[in-house]
There are 2 protein chains.
Amino acid sequence: MAPRKKNAPDAATTSSPVSMADLARELNVSMTTISRALSDHFSIGPAMKQKVLKLAKKYNYQPNHMASALRKGKSKLLGIVVPYIEGRFFPSVVHGIETAASKAGYNVIICQSNEDVAQERRNLDSLLSAQVAGVLVSLSRTTLDHKHFDKLRSRGLPLVYFDRVVEGDNVNTVVLDDREGGYLSTRHLLAQGCRRVAHFAGPQHLNIYRNRRQGYFDALREAGLPEDESMVIYTDMLQEQGAAGLRQLLALPNPPDAIFSAGDYCALGAMQEARRQGLRVPEDLAIAGFSNEAFTVVTEPNITTVDQRCEEMGQAAVRLLLEVIDSKGESFTPRQVALRPELLVRGSSLRPALAPVAKKMAASRAKTVG
Amino acid sequence: MAPRKKNAPDAATTSSPVSMADLARELNVSMTTISRALSDHFSIGPAMKQKVLKLAKKYNYQPNHMASALRKGKSKLLGIVVPYIEGRFFPSVVHGIETAASKAGYNVIICQSNEDVAQERRNLDSLLSAQVAGVLVSLSRTTLDHKHFDKLRSRGLPLVYFDRVVEGDNVNTVVLDDREGGYLSTRHLLAQGCRRVAHFAGPQHLNIYRNRRQGYFDALREAGLPEDESMVIYTDMLQEQGAAGLRQLLALPNPPDAIFSAGDYCALGAMQEARRQGLRVPEDLAIAGFSNEAFTVVTEPNITTVDQRCEEMGQAAVRLLLEVIDSKGESFTPRQVALRPELLVRGSSLRPALAPVAKKMAASRAKTVG
DNA sequence: TTGTAGGCGTTATCAG
DNA sequence: CTGATAACGCCTACAA
């Protein structure tokens, strides 16, 4: 062990961190007093409190969270496990999480599963070892069973899933209300005067895509329109598939006058293909996507889409997690939160003739439906 | 203190974490033996090692990093401070950092300064308290002096700046070679046959923009072309400023046939304005941007740009930081790393007539110049 | 090859 | 109001 020189003028370059013991020695009081003064304990007189605080500032005292956590058995660390930190969605959610967590005095450890269950398992072990106070997870695509999360539960570690969640009512989850998103989007297209609205659906084993499709059908039914499976194209939400999908739709005896795509990339592909086919967007074909990708405000026209409230999702997840953490002892009844999506009406779906009116309607709708 | 039942069948729902002491008791050996067996110490026989490892697995033992860090005075945590986690750049860098760090057995705590020095200061305190082993920083825009980082240095805490760095040769930095990026881009435009290349420059108090401009001038000089300040438009790299900038350039007696923009958004604005003015891109006006924003492959034509190697930057920063950490004791000579940018030639700058040849040239150049 | 004991910095408990 | 003391879980000199 390196010899530590206490109470000695520090070496030229590096100095050891100041501990409570150092402050205690300096003031000729006990560590207890220091500890209490710093944590604003009622049993310490204001005079002493001031003295301690002043000295702490002078010596630039930083509490050692590890020691505190070790002693208390509770750290001020939250763990995040996401598939990856790229694209638009996850970074924004992480942004929201970090903001909310730091506001509550927590630091955040971030892990990526890279869409790999094995990695996800290791992430959990890693967070366990780091003694986090709770964990926020968005499942990897390859996660089929969730036994590895029992390890957390058996340790009594609070857990909240977001976006890609375990379904059930005994888990804490925060998701976007995808059904509502699909519903709002489709209803908007119908309000534009479109009568044959097609749908680009995503993989139906993922609940987000199932729900968006459900919202689409709900809006059709509400408008008294039939559910026509020939108008639904199943894709993996890739750009090229949007182009191919549109070609397929145009070959129908009765082609669509609008498309609600469950993803922006697919919508983009369709819009580009429409141009190649000589169709005007939105006059001949109205298009709406999903996710509010950055490029949707760069295309000509801009693409109507649904915002996923990434940041709110992060904040809601943290709020829920902290509730569970703070309720330690009493048994907390798991809760499932669904966030309102926001429809963003843009040029790709706004029929010029109806524009002034429709814009207003759409705007008020997007707000009031929430 | 809650009573802990050692060695007792665990309560129905939650169980306490298993410690080395628990394992030691079970095997009737000392904690020392357990500790050594788990850390693969040479003085422990293979038989005992096996026994311990098996029991550890059975009880799902997770080492307590906090205790270990407290004892050793060294944690396995790295701290990151970034202005924010959004857009394309920072998330990708963070992605690279987390990947490299976790490969080396480190966890990563992430903090956002929100472009605010005061917040940045708090972030540092927070990381100090969390006992991180080192810190990676990209400066907030409002950070003018760097005194608050002395706190780290005086604690002997390794520090690496990336992207937005403190300039000097006594700090560790990782940046993109922006000059080279500007040079490659401009040279490419010249190779396309353009002879009047304009430049959208960014705020010159930021070194990245200064350097991109320098690369632009270097390429012009190399081609024997004059430096013409009337062809340089100073902007904040906003989309609208690109449009305005182009209008300004077109009003010149001798308008440009190409633009090298120090940012993609500005390039986009110019491209949209060019279309409005009836100019063909790239035939009448070749355009190149900077940053490889996601939308550059979505526009028509796609936008030629310079990739900033976000992920490599993160990895390089971690490598450097770990070097400093591992060199503890010997004095480490600070190092400044500059990453090679990658020119991505796309439709906005590829003159059709020259396309087949030029494409090949540009490609080989982008690789070999590096 | 294994064990003993002390301490990292903090806080809870109990005693003044 | 304040102080002494013992733990939290792990590591490591030193002893056996």
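Chain naming here is simple, since letters A, B, ... match the order of the sequence lines and numbering starts at 1 in each. What you see is a predicted model, and the numbers here were worked out from it, not measured in a lab.
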In sequence, state the C-alpha distance, the side-chain angles, and the governing distance for B:D22 and B:R25, and then conclude on salt bridge (Lys or Arg N to Asp or Glu O under 4.0 Å).
CA-CA 5 Å; B:D22 300 323; B:R25 204 171 312 110; 3.4 Å; yes

Go through A:Y161 and A:N172 one step at a time and tell me if the side-chain contact (heavy atoms from CB on, under 4.5 Å) criterion holds.
CA-CA 6 Å; A:Y161 296 95; A:N172 295 296; over 6 Å; no

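If you measure from atom CE of B:M20 to atom P of D:dC8, you get 15 Å, rounded to the nearest angstrom. Atom NZ in A:K74 sits roughly 17 Å away from atom C1' in C:dT10 (whole-Å rounding). To the nearest angstrom, C1' of C:dT10 lies 8 Å from CG of A:N64. What separates CD of A:Q131 from C1' of D:dG9 is a distance of 9 Å, to the nearest Å. If you measure from atom CD of A:Q62 to atom C1' of C:dC8, you get 18 Å, rounded to the nearest angstrom. Spacing between atom CD1 of B:I34 and atom P of D:dC10 amounts to 11 Å, rounded to whole angstrom units. Here D:dC8 presents its C1' atom at 17 Å from NE2 of B:H65, a figure rounded to the nearest Å. To the nearest angstrom, P of C:dT10 lies 9 Å from CG of A:D22.
Separating the CG atom in A:L23 from the NZ atom in A:K54 is a distance of 13.5 Å, to the nearest 0.5 Å.
Within residues 36-55 of chain A, the residues approaching DNA chain C are A:R36, by heavy-atom distance under 4.0 Å.
With hydrogens and angles left out, the side-chain atoms of B:T143 and B:E120 include a donor and acceptor closer than 3.5 Å. A:E86 and B:S92 are linked by a side-chain donor-acceptor pair at a separation below 3.5 angstrom, with hydrogens and angles left out of the test.
Contact detail for A:R36 and A:I44: the closest heavy-atom pair is CB-CG1, 3.5 Å. Minimum interatomic distance between B:Y106 and B:L77 (heavy atoms only, all atoms of both residues): CD2-N, 3.8 Å.
Residue A:K72 has its side chain nearest to C:dT11 when only C:dT11, C:dG3, D:dG3 are considered. Ranking C:dG9, D:dC11, C:dT10 by closeness to the A:S68 side chain, first place goes to C:dT10. Of the listed nucleotides (C:dT2, C:dT11, D:dC10), C:dT2 has the atom at the smallest distance from the side chain of B:T33. Closest to the side chain of B:R71, out of C:dA12, C:dG7, C:dG9, is C:dG7.
Over its length, the helix from C:dT1-D:dA16 to C:dG16-D:dC1 turns its helix axis by 40°, as judged from the five terminal pairs at each end, rounded to 10°.
Side-chain nitrogen and oxygen atoms of B:S19 include none within less than 4.0 Å of the OP1 or OP2 phosphate oxygen of D:dG9.
Among the protein residues, A:M31 comes within range of the nucleic acid bases, having at least one heavy atom under 4.0 Å from a base atom.
With hydrogens and angles ignored, a donor-acceptor pair under 3.5 angstrom links the side chain of B:T32 to the base of C:dT4.
The main-chain N or O of B:Q119 is never found under 3.5 Å from a side-chain atom of B:S113 such that the two would form a donor-acceptor pair.
For the pair A:S35 and A:M31, the minimum side-chain heavy-atom distance is 4.5 Å or more.
Screening A:L124, A:V324, A:L152 against A:L157 for a side chain to side chain contact (heavy atoms under 4.5 Å, CB included) leaves a single residue, A:L152.
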